[in-house]
Amino acid sequence: MLANLTNSIYPAEQIQMRYTRRRMAWRRFSHSGLPLIGLTWLSIIFVLTIIGQIIPAPTFNLYMVNHQPTLSHPFGFDQNGMDILDDTLIGLAPTFNICLLGTAVSIGLGVAIGTTAALVGGWVDSILMRFTELMYSLPGALIAAVLVADVGANPVTIALSLGVVFWAGGARLVRGVVIGIRSGPMMESALTTGASYWRIVMQYVIPHIVASLLVFFTFQIATLLFQQTVLLPLIPNFNVFGNLQSLSLLILAGASNVSADHAQLWGPLGIFMMTILSIMWVGDGLRAALNPQDVRANVRHRSLFARLLRPGVN
Amino acid sequence: MSTSARTWLYIGRRIVSMFVTLCLLIVIANLVVFFVPGGMYSTLASNHIPFYFSSLWSTLWNSLQGVLTLNLQSSGLPTFMVVHAILTTFLLTFCSLILAMLIGIPAGIFAALYPRNWFSRIITSFSVLVSQVPPFDMAAFLIVIFAIWIPILPAGGWGKPADVVLPMAALVLLNLGYTTKYMQAGLSDVIQRGFITSARARGLSSFEVIVKHALRPSLLNLLALFGPQVGLTAIYCVSNELAFSIPGVGYVLGMKSMALGIPDVMKSTQQIGVTYIATIGFFVIILNFIVDLAQRLLDPRFR
């Protein structure tokens, strides 16, 4: 039924079909409702990040050291008398910039190395895979620290060096998926039509690895958030006045005195975990929307949440 | 050539390349520990660079010899102690990964087969949520909950069976999200393929379709990421050892302060840092070899 709906030889119908296809993709995306929650939270986080850039300096009150959360200061105060909510808002932008840039670099490297290893095969494959193995058997953050100390520490170099170090998982993932499709009928048709290497990678391979990479993306963001904690103190004049303007350092500081006062941990940790969950949900929705094989999603009824959100259809 | 002969050839080649990788690992570990900020190079070498480079070469040779002959005297500890520590860390890492798979794979299968069930959404979200708790928080949470609020388990120590529970739980929870999520993603892709439909059409029961046909290809992503996950788990395991005072690698080699499970090699001697990195790397290489063999057996396309 889907095949009849999305394929037509008439131009006017093609436009109509494209519209239908987009609407079906949107319906597959929003079917479970969770991706919509994720999108909402991510846009809230985007707005909060911009607000955090406008805040000049965190509220500082020496008489409120380690104060419990109040209504006007919902995250409480840290041991230096800084408002943790202000610290968190200011720290959102640098933290997520490092995470996103580092993840982009590591996924790019992973896709390049994994596809090359799987498509070329032979001794190139085995050398690249042994190199990958070497990369993930070393503690990556130490190598990143050496790189950062060499080129000078700032957020951009930290993100780049983290990306350069943590690509191994992506490369192995991509290699596994590409080996799965390299001997199928699809690749055969690509080779018979005389597609170039670049075209094979861009048109045939990338669409197949997107689904796995979306899951990898979620976990990679969290890993880079943990690992950048070691590298941030290498920035000159970082943290001179005792305020931890980075989400990862706030989580670390909250955890270090969790047994004494756990109120300082929940704010930053909650924001971080909700963001990771939202990324996962949006990734799930995108996987469903991008997956043309998922025909069943079109004939099922929509969930209660989705029906409440947009009544009238199905 | 027959399949089994090719498999044996592959195993032989892998063992040789494992040896080469281990030697390279020790060389890189020496370089990293030497050049890391706060290490020997940045603190002492600024005046006497030639002298310290010669010391780098001698340490490199010593550590290569030491690790390859299992003679770890130069790290200042009796060998049996180091071997015991390595076995402890190996046990914790390996068993926690196996346990995470035993819990995560059925959960992932359930979540993939019933994607519109609210319970399966809760399982997936919860396991990912739990595994995103930073590793330095997880140990603290578990101790606060199960040793202080509900005092049923020991907060630290090693020797009784009850001591294993909390550190193992922390490591299992860290790996739970990865196993569940990749299993769910892999299986929900695989069950839409044509060969599953044809298997159903031939009249196989749902159980047979899932176990015999769908499970193998859907395990591939999980296994591909197993190797990197072993590395991360071993490093997190060391931070857990410090939190629960377990005589594992990190504790015995004297890693006093840890941020995020990354060894503070800057504060220990070069030899200890190198031994640490080489040990963890050796785990990863061996476990990865086992996983690659499993991957070859699972999927004929890898041969």
Side-chain angles (χ1 to χ4, degrees), chain A residues 31-32 34 126 130 133-134 136-143 145-146 148-150 168-169 172-173 175-177 179-180 182-183 211-212 215-216 218-219 222-223 225-227 229-230 234 248 251-252 254-256 258-259 262 265 269 272-273 276-277 280-281 287 291 293-296 300 303, chain B residues 13 17 20-21 24-25 28-29 32-33 35-37 42 115-116 121 124-125 128-129 132-137 140-141 143-144 148 177-178 181-182 185-186 189 192-193 217 220-221 223-225 227-229 231-232 235 259-260 262-263 265 277 280-285 288 295 299 301-302:
Chain A
H31 183 269
S32 74
L34 290 180
S126 56
R130 293 295 83 71
E133 195 177 289
L134 191 68
Y136 65 70
S137 44
L138 287 164
L142 284 179
I143 304 175
V146 175
V148 164
D150 205 33
R172 272 178 71 86
L173 187 72
R175 177 180 171 265
V177 178
I179 279 184
R182 82 175 168 195
S183 51
S212 308
V215 185
F216 181 72
T218 313
F219 287 97
T223 312
L225 190 124
F226 300 159
Q227 306 286 353
T229 318
V230 195
L234 295 176
S248 53
I251 294 172
L252 180 64
S256 60
V258 65
S259 53
H262 46 81
L265 177 62
L269 187 64
F272 162 63
M273 302 232 293
I276 290 291
L277 268 190
M280 188 191 82
W281 288 334
R287 277 196 308 131
N291 191 355
Q293 296 169 323
D294 191 3
V295 187
R296 293 176 308 157
R300 297 277 178 96
S303 70
Chain B
R13 275 220 314 264
S17 77
V20 176
T21 315
L24 269 177
L25 190 76
I28 294 177
V32 165
V33 175
F35 283 110
V36 86
S42 57
R116 285 164 190 83
R121 281 177 200 158
T124 324
S125 300
V128 171
L129 190 72
Q132 299 312 333
V133 177
F136 43 87
D137 290 4
F141 283 156
I143 290 177
V144 167
I148 297 175
Y178 135 82
K181 190 65 197 146
Y182 276 104
D189 279 350
Q192 294 160 7
R193 299 253 181 88
L220 286 181
N221 279 354
L223 284 184
L225 276 165
Q229 204 66 23
L232 278 180
I235 289 172
L260 297 163
I262 286 128
V265 288
I277 295 180
I280 299 287
F282 194 52
F283 280 0
V284 180
I285 291 171
N288 191 43
Q295 214 170 17
D299 193 340
R301 282 177 301 197
F302 275 82

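Scope of the values below: all heavy atoms of this structure, side chains included, with no hydrogens, waters or symmetry mates.
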Could you grab the distance from atom [atom1] of [X] to atom [atom2] of [Y], nearest 0.5 Å is fine?
X	Y	atom1	atom2	value
A:Leu173	B:Leu225	CG	CG	5.0 Å
B:Asn288	A:Arg130	CG	CZ	7.5 Å
A:Leu142	B:Ile28	CG	CD1	12.5 Å
A:Phe216	B:Lys181	CZ	NZ	15.0 Å

Who pairs with A:Tyr136 by ring pair (Phe, Tyr, Trp, His ring centres under 6.0 Å), at least two apart in sequence or on another chain?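 With neighbours one apart ignored, the set is empty.
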So what's closer than 4.5 Å to chain A heavy atoms on [X]: side chain, backbone, both or neither?
X	value
B:Leu232	side chain
B:Phe282	neither
B:Val20	neither

By a 4.5 Å heavy-atom criterion (distance strictly below it), what part of [X] contacts chain B: side chain, backbone, both, or neither?
X	answer
A:Thr223	side chain
A:Ala211	side chain
A:Leu269	side chain
A:Met280	side chain
A:Ile251	both

Which heavy atom in A:Gly169 sits nearest to a heavy atom in B:Pro228, and how many Å separate them?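 Scanning both residues completely, I find the closest heavy atoms to be CA-CG, 3.6 Å.
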Nearest non-hydrogen partners of A:Val146 and B:Val32, listed with the distance: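 For A:Val146 versus B:Val32, the nearest heavy atoms are CG2-O, 3.9 Å.
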Taking every heavy-atom pair that is under 4.5 Å apart, which of B:Leu223, B:Ile280, B:Val133, B:Thr124 has the most such pairs with chain A?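 Looking at each of B:Leu223, B:Ile280, B:Val133, B:Thr124 in turn, B:Val133 comes out on top.
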Top residue by heavy-atom pair count (under 4.5 Å) with chain A, among B:Ala185, B:Gly186, B:Gly231?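 Most heavy-atom pairs within the cutoff with chain A belong to B:Ala185.
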If you define the side chain from C-beta out and look only at heavy atoms, does anything of B:Gln132 sit under 4.5 Å from A:Leu277?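 Not touching, per the 4.5 Å side-chain cut-off.
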Name the option with the most non-hydrogen atom pairs under 4.5 Å to chain B; the candidates are A:Met273, A:Arg172, A:Glu133.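 Sorted descending by pairs with chain B, the first entry is A:Arg172.
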